[in-house]
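Below: the structure, in structure tokens.
Small disclaimer: the values here were computed from a predicted structure and weren't measured.
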Amino acid sequence: MKFSTLAAACLSLAVASPAFADTAYPTKAVTIVVPFSAGGTADIIARMAAEHLQKKFGQPFVVENIGGGGGVSGVEKVVRSAPDGSTLVLASTSNLAVHPTLYGEKFPYQTLRDLKPISQVSVVPNVLVINPDKIPARSVPDLIAYLKANPDKVSFGSAGTGTTQHLAGELFMQKTGTQMVHIPYKGSSAMLPDLLAGNVELAFDNVPLLLPHVKSGKLVALAVATPERQDFDKNLPAVAEFVPGFEATAWHGFLAPAGTPDDVTNKLSTEIQAFMKQPETIKKMQELGITPVSSTPEQFTDLIKSMTAQWKEVIVTGNIKPQ
């Protein structure tokens, strides 16, 4: 009688949780590749998620940082890995929605052909900042007027050609009819000292990087590049309030090699979404200036498609070439 009761309970649990009954995944250690150096936004998110997944599944989830090539090297490693869920990547806008278009079919991978989306996990707002000693404008309309009066006399720095920081500046010029000189760097950390010194006059870059310098008064934030104002500073307007349709954010998400079984990616997505909704996760992310997001594989796929189309238009219109 007791055996029958136990068997019935087990059967009921299996029926109630089909996504988790289909596979014993994971049965070994899982590597999460972060295609950037340690300490950055993607690295922080990956390590937070890895700790949660390891506790949940009882297998090691190990973060491996593979920098170089603008993040391409790390993603390429995952593309070439076995499609069994043992190797994942936490990639970003540039890796997924920009570089494959910018570099074309000769690029080592095409995102939705070679990778399988699991879940988006973040939006990292880019903020438009100026060096106050170099630019007199203190609002977006004032900046537009200043740029129109000084075509090609203002430079903006970015983390490199094809990054969201670069394309944000290109999109701004295209939508406002202004002209600036783009100065690419090998990463935001290399650009920042020149921005603070006034060697470049403005930038669109991530909130976590710029906010301390805005608070100190060394930089002035004019607007956030999300469609709406953000919780970290409700008094800071969105660029879109003055330039309709402007949006230039960075985001991150987990993917697996193409061909990874649906039950594996669905199982991972369910757990990652649950983690991103935990109050402690939300609090930590917001403290870093990051907006936490949870999405299904299908929703993340749609995001990649729409952002790829958006940035392709900017790239083509601006005749942007890889360097």
Shortest non-hydrogen contact from Leu96 toward Thr308: O-OG1, 4.1 Å

Tell me if a side-chain donor or acceptor on Glu271 pairs with a main-chain N or O of Leu268 at a distance below 3.5 Å. no

Between Lys283 and Glu287, does any NZ, NE, NH1 or NH2 come within less than 4.0 Å of an OD or OE carboxylate oxygen? yes

Carefully, step by step, assess Val98 and Leu167 under the rule side chain to side chain contact (heavy atoms under 4.5 Å, CB included). CA-CA 9 Å; Val98 177; Leu167 296 182; 3.6 Å; yes

Could you check whether any side-chain N or O of Lys116 sits under 3.5 Å from a backbone N or O of Pro257, counting only pairs where one atom can act as donor and the other as acceptor? no

Please determine which of Asp194, Thr163, Thr161 meets the side-chain hydrogen bond (donor to acceptor under 3.5 Å, both in side chains) test together with Tyr185. Asp194

Between Phe156 and Glu170 the two heavy atoms that sit nearest each other are CZ-N, 4.2 Å

Does any part of the side chain of Thr249, heavy atoms only, come nearer than 4.5 Å to the side chain of Val224, both counted from C-beta? no

Look at the side chain of Arg138 and the backbone N and O of Pro132, then say whether any donor-acceptor pair between them is shorter than 3.5 Å. yes

Can a donor-acceptor pair be found between the side chains of His252 and Ser122 at a distance below 3.5 Å? yes

Any side-chain to backbone donor/acceptor pair from Glu247 onto Glu228? Under 3.5 Å, distance only. no

Between Gln54 (side chain) and Glu51 (backbone), is there a donor-acceptor pair under 3.5 Å? no

Checking Gln230 against Thr226: is there a side-chain donor and acceptor pair closer than 3.5 Å? yes

Between Gln286 and Thr291, is there a side-chain donor-acceptor contact under 3.5 Å, judged purely by atom types and distance? no

Do Tyr25 and Asp263 have side-chain atoms, one donor and one acceptor, less than 3.5 Å apart? no

For the side chain of Thr164 and the backbone of Ala250, is there at least one donor-acceptor N/O pair under 3.5 Å apart? no

Under 3.5 Å: donor-acceptor pair, side chain of Ser81, backbone of Lys77: yes

Are the side chain of Asn126 and the backbone N or O of Ala225 linked by a donor-acceptor pair below 3.5 Å? no

Test side-chain hydrogen bond (donor to acceptor under 3.5 Å, both in side chains) applied to Glu280 - qualifying residues, sequence neighbours left out: none

What is the minimum heavy-atom distance between Ser294 and Lys277, and which atoms define it? OG-CE, 3.1 Å

Any salt bridge linking Asp262 with Lys267? Criterion: basic side-chain nitrogen under 4.0 Å from a carboxylate oxygen. no

Would you tabulate the side-chain donor-acceptor contacts of residues 210-221 under 3.5 Å, counting partners in other chains and residues two or more places apart, or write 'none'?
{"residue": "Ser216", "atom": "OG", "partner": "His213", "partner atom": "O", "Å": "3.0"}
{"residue": "Ser216", "atom": "OG", "partner": "Lys218", "partner atom": "N", "Å": "3.4"}

Spell out, as yes or no, whether a donor-acceptor pair under 3.5 Å connects the side chain of Asp114 to the backbone of Gln110. yes

Under the criterion side chain to side chain contact (heavy atoms under 4.5 Å, CB included), I'd like the reasoning laid out for Leu202 against Met180: C-alpha separation, chi angles, the key distance, then a yes or no. CA-CA 10 Å; Leu202 67 81; Met180 295 184 286; 3.7 Å; yes

If you measure only the distance, is there a donor-acceptor pair under 3.5 Å linking the side chains of Asn131 and Glu201? no

Indicate whether the side chain of Thr178 and that of Thr176 have a donor and an acceptor atom separated by less than 3.5 Å. yes

Do Gln273 and Ser269 get their side chains close enough for a donor-acceptor pair, meaning under 3.5 Å? yes

Between Glu64 and Thr31: side-chain donor-acceptor atoms closer than 3.5 Å: no

Between Asp43 and Phe36, is a side chain to side chain contact (heavy atoms under 4.5 Å, CB included) present by the stated rule, with each step listed? CA-CA 7 Å; Asp43 184 60; Phe36 307 103; over 6 Å; no

Considering all heavy atoms of both residues, which atom of Gly259 and which atom of Pro83 are nearest to each other, and what is their separation? C-CB, 3.6 Å

Less than 6.0 Å separating the ring centroids of Phe204 and Phe172? yes

Give the cluster check for Tyr103 versus Val314: same hydrophobic cluster or not, with ILVMFWY residues linked at side-chain heavy-atom distances below 4.5 Å. yes

Can you see which heavy atom on Ala238 is nearest to which on Pro227, and at what distance? CB-O, 3.8 Å

Nearest heavy-atom contact between Ala97 and Trp251 is CB-CZ2, 4.0 Å

